[in-house]
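This report refers to the structure that appears directly beneath it.
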2 protein chains.
Amino acid sequence: MNESIATRDPDLTQARILDAAFDLFVDKGFAAVSMRELAERSGVTKSLIHHHFGTKEGLWDAVKEAAFARYYEGQKDELEGADSPDPELLKNGVTRYFRFLQENPQVVRLFTWMHLEGDTTCNEMDAELVELGARRVREAQDAGLLRSDVNPTHVVTVFINACSQWFEVRPQHKNWEGIGSDDEYLDDFLKIFMDGLAPRATGPETDGN
Amino acid sequence: MNESIATRDPDLTQARILDAAFDLFVDKGFAAVSMRELAERSGVTKSLIHHHFGTKEGLWDAVKEAAFARYYEGQKDELEGADSPDPELLKNGVTRYFRFLQENPQVVRLFTWMHLEGDTTCNEMDAELVELGARRVREAQDAGLLRSDVNPTHVVTVFINACSQWFEVRPQHKNWEGIGSDDEYLDDFLKIFMDGLAPRATGPETDGN
DNA sequence: GCATTGACTGACCGGTCGGTCAATTAGTAA
DNA sequence: TTACTAATTGACCGACCGGTCAGTCAATGC
């Protein structure tokens, strides 16, 4: 706050503002954050934020765009990295997604704010990621590695829901009696999820296809 | 708005204010709602709200308390209504919970706001409900009707998460390609969930090892 | 040198915020 | 009727809101 910028660097300034705004918006929500607060946190004047981002909504949009772009790139890379259909692949996919949310709690909160707002700006990208995952599931189904009587999109949705909601409510549930650690929850979920997705014995014999 | 109260009825007035506040807070979140807006919506003066509820926070607390009390009573009754341990019971429990959220989308949003706020006022009641459900699961496990190598609390948590997150993001996902209706999602989830919870073949019978 | 551009500032704007308060009004018990 | 209590009102408060604007200041090109 006391330090002023050594030399004029608009890019760095914008990055500073975006960082502070990300933290504050994620923490308190859009409506509960004031421009003055944002200015103080990022060490610039309120007017400067308006200069770079126009309105408060403009800044909020920029924050969401930047955060989601990072998320999107990371997830897309991981989804496209895998190749051969394999149940182990699904398990790893779930685990990686779970780890990602675990390490990025702010992303969970950001998405939750956006959902409550009815924000649809990231809808196509979101849909694309799920579509990518669903395609993997369908490949595994066609290869006879996963049961085929469930909608692949729902398979992906179930694990996304089970993971993201876990971290969304984690702060409240943390010290509940009977509830385990992140890893224990993940283990139990994977047991249920993977065994529940195992190919069904449709006939009298062991399903070999 | 035009109608004024025929005769003074403080209870009715408070109920009116609570109703309007519930709708507005659930819709826009605590910070984004103004006392003037609340007053106009409930057809009373701003001062009158302060008279009955003290502060804006006081009204918010009252709204949350009332809503959660209703939720708590309903859920508790359903959980205590069941008696014999039975896998069908778990399936019915999931279905009933799913239907409840389906019919009460505002409750989903309210809880999400509360989670983001870090609200812990309903934590004990929440924990009690999950504990009740977990006890049912444990009974079924002890009776050999469900696999025993998973934490009963996690079993309950998984289905709560899968259901509530579904409705939390539903407005955004509604017209995604590949995604089905509420009922189709529930069916697919139940397939995975129930089969994933079936007792494992550890013994002499048809064993895959 | 000088003009131009854009980053950056601080004072200021009208409006809205949550909350208060004295005064009025309607029920109620004596 | 009277006295009391509580519901209800509208005017009002200081603080804060998001946003604007004229102007300063540093870099860049000529």
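Letters A, B, ... are given to chains in the order of the sequence lines, protein chains preceding strands, and every chain is numbered from 1. Computed from a prediction, not measured in an experiment: that's the story for all the values here.
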So, the side chain of Lys64(A) versus the backbone of Met114(A): is there a donor-acceptor pair under 3.5 Å, distance only?
no
Check: Asp188(A) side chain, Asn151(B) main-chain N or O, donor-acceptor pair, under 3.5 Å
yes
Test log, rule side chain to side chain contact (heavy atoms under 4.5 Å, CB included), inputs Ile160(B) and Gln165(A)
CA-CA 9 Å; Ile160(B) 291 180; Gln165(A) 187 72 11; 6.0 Å; no
For [N] and [X] - does any side-chain N or O of the residue sit under 4.0 Å from the phosphate oxygens OP1/OP2?
{"X": "Thr13(B)", "N": "dT8(D)", "answer": "yes"}
{"X": "Ser47(B)", "N": "dT8(D)", "answer": "no"}
{"X": "Ser34(B)", "N": "dC17(C)", "answer": "yes"}

Assign the ring pair Trp166(B) / Tyr185(B) to parallel, tilted or perpendicular, where the plane angle (0 to 90°) is split at 30° and 60°.
parallel
What is the ring orientation for Tyr97(A) with Tyr71(A), classed by angle as parallel under 30°, tilted 30 to 60°, or perpendicular over 60°?
perpendicular
Can you measure [X] atom [atom1] to [N] atom [atom2] for me and round it to whole angstrom units?
{"X": "Leu24(B)", "N": "dC17(C)", "atom1": "CG", "atom2": "P", "result": "12 Å"}
{"X": "Met35(A)", "N": "dG15(C)", "atom1": "CE", "atom2": "P", "result": "20 Å"}
{"X": "Asp9(A)", "N": "dG6(C)", "atom1": "CG", "atom2": "C1'", "result": "13 Å"}
{"X": "Leu12(B)", "N": "dG27(C)", "atom1": "CG", "atom2": "P", "result": "13 Å"}
{"X": "Leu38(B)", "N": "dG19(C)", "atom1": "CG", "atom2": "P", "result": "11 Å"}
{"X": "Ile17(B)", "N": "dT8(D)", "atom1": "CD1", "atom2": "C1'", "result": "10 Å"}
{"X": "Lys46(A)", "N": "dC13(C)", "atom1": "NZ", "atom2": "C1'", "result": "10 Å"}
{"X": "Asp11(A)", "N": "dA27(D)", "atom1": "CG", "atom2": "C1'", "result": "14 Å"}

Classify the side chain of [X] and the base of [N] as holding, or not holding, a donor-acceptor pair under 3.5 Å.
{"X": "Arg8(B)", "N": "dT25(C)", "value": "yes"}
{"X": "Thr45(B)", "N": "dG10(D)", "value": "no"}
{"X": "Arg36(A)", "N": "dC16(D)", "value": "no"}

Let's see if you get this right: which residues in residues 49-59 of chain A place a heavy atom under 4.0 Å from DNA chain C?
His51(A), His52(A)
Could you tell me whether Phe159(A) and Phe189(A) have their ring centroids closer than 6.0 angstrom?
no
Side-chain donor-acceptor contacts of residues 22-32 of chain B below 3.5 Å, not counting sequence neighbours, with atom names and distances?
from: Asp23(B); atom 1: OD1; to: Gln106(B); atom 2: NE2; distance (Å): 3.1
from: Lys28(B); atom 1: NZ; to: Glu37(B); atom 2: OE1; distance (Å): 3.4
from: Lys28(B); atom 1: NZ; to: Glu37(B); atom 2: OE2; distance (Å): 2.4

By nearest atom, which of the nucleotides dC12(C), dT9(D), dG18(C) is closest to the Val44(B) side chain?
dT9(D)
